[in-house]
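Worksheet: the structure to be examined is printed underneath.
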Amino acid sequence: MQLPLSSNEAPEIIWRESATSTNTELIQLAQSRELGDFTVLVTANQVAGKGRAGRAWEAPADVSLAISVLLRPQLKGETDFSNLGWLPLLAGLAMSKTVMPLVALAGVRGELGVKWPNDVLINGQKVSGVLTELVPNSLGFAGSPAVVVGAGINILQTQEQLPVETATSLALQGVTLPEALGDKFDLVLSSYLRNLKGLYVLFKAAGLDSDRSGLRQAVKDNCISLNRDVRAILPNEREIVGYAKDIDATGRLILDVAGTDTAVAAGDIVHLRHR
Ligand code: BTN
């Protein structure tokens, strides 16, 4: 696959005609040879895609992209690597910035942004999801672990090709893309990589500080889960309902539950009403 636009956005782009899971394949590659920061592994035919919380991420061939990016910030000194928890949120923001101009050009109006932590929704329908995984035993020479950020983006699916009714694709939103399939993929991929790189460079330049980089504010501005009531389904299946009021310095969603602040670090969010 020729990807002329995308090739400008990453040191190495590995195109796979098919892949089990791009995350799994990039992790395996990172363990078998030295890969540069921001190496990309991508396919339009992922046959064993992984979703969050152990779910599957499925799509027929040639209608979507599965994109995994290796991030290995080489930083020295006092860096707090717990801030790597921001990377999944940055990926959601980057995908949202990719989708936004395309659907705006298609005349779509309404609510577009990220449902915490990183699902991109267009008027309540999911067009993209992100799964981030640590590369096991990956401490670099500066003591930084490597992370694989994987994003799936629905591009050409019909409603019948989507796993659930609450999912959508760019095509279903009326987005027009170039004629040739390779050019369609190149346009979406290059835009996502450019957006992700921009955010990542800022984050690294600020020593992975989400406030100093301005990224906490940028993520909050784009997060459609804030300033409304939400139900959080936690990994242990426990559910809490509260008013989503903030994203804290470590990326957790802060809920006001009957007057008490409760931090949600992981889980599925269901949007309830605005107040
Ligand atoms: C979710 O919303 O549940 C997350 C979906 C993440 C899917 C992407 S596709 C590229 C990368 N490879 C995978 O196996 N999963 C992620």
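First listed ligand is number 1; within each ligand, the first listed atom is number 1.
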Counting distance only, does the side-chain N/O of Ser7 pair as donor-acceptor with the main-chain N or O of Leu3 below 3.5 Å?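 Yes, the answer is positive, given that a donor and an acceptor are paired below the 3.5 Å cut-off.
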For ligand 1, what are the residues with a heavy-atom contact below 4.0 Å? Ser21, Thr22, Asn23, Gln46, Gly49, Lys50, Gly51, Arg52, Trp57, Ala66, Ile67, Ser68, Asp119, Lys126, Gly129, Val130, Leu131, Gly150, Ala151, Gly152
Is Asp37 paired with Lys197 through a side-chain N to carboxylate O contact shorter than 4.0 Å?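 Salt bridge between Lys197 and Asp37, a charged N being under 4.0 Å from a carboxylate O: no.
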If the condition is side chain to side chain donor-acceptor pair (under 3.5 Å), which residues does Asn123 pass it with, not counting sequence neighbours? none
Please tabulate, one pair per line, all N/O donor-acceptor pairs under 3.5 Å involving side-chain atoms of residues 236-243, not counting sequence neighbours.
from, atom 1, to, atom 2, distance (Å)
Asn236, OD1, Arg238, N, 2.9
Glu239, OE1, Arg231, NE, 3.4

What's in the same ILVMFWY side-chain cluster as Val47, cut-off under 4.5 Å, chained through other members?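 Members alongside Val47: none; it stands by itself.
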Could you tell me whether Glu34 atom CD has more than 12 heavy atoms of other residues or ligands within 6.0 Å of it? no
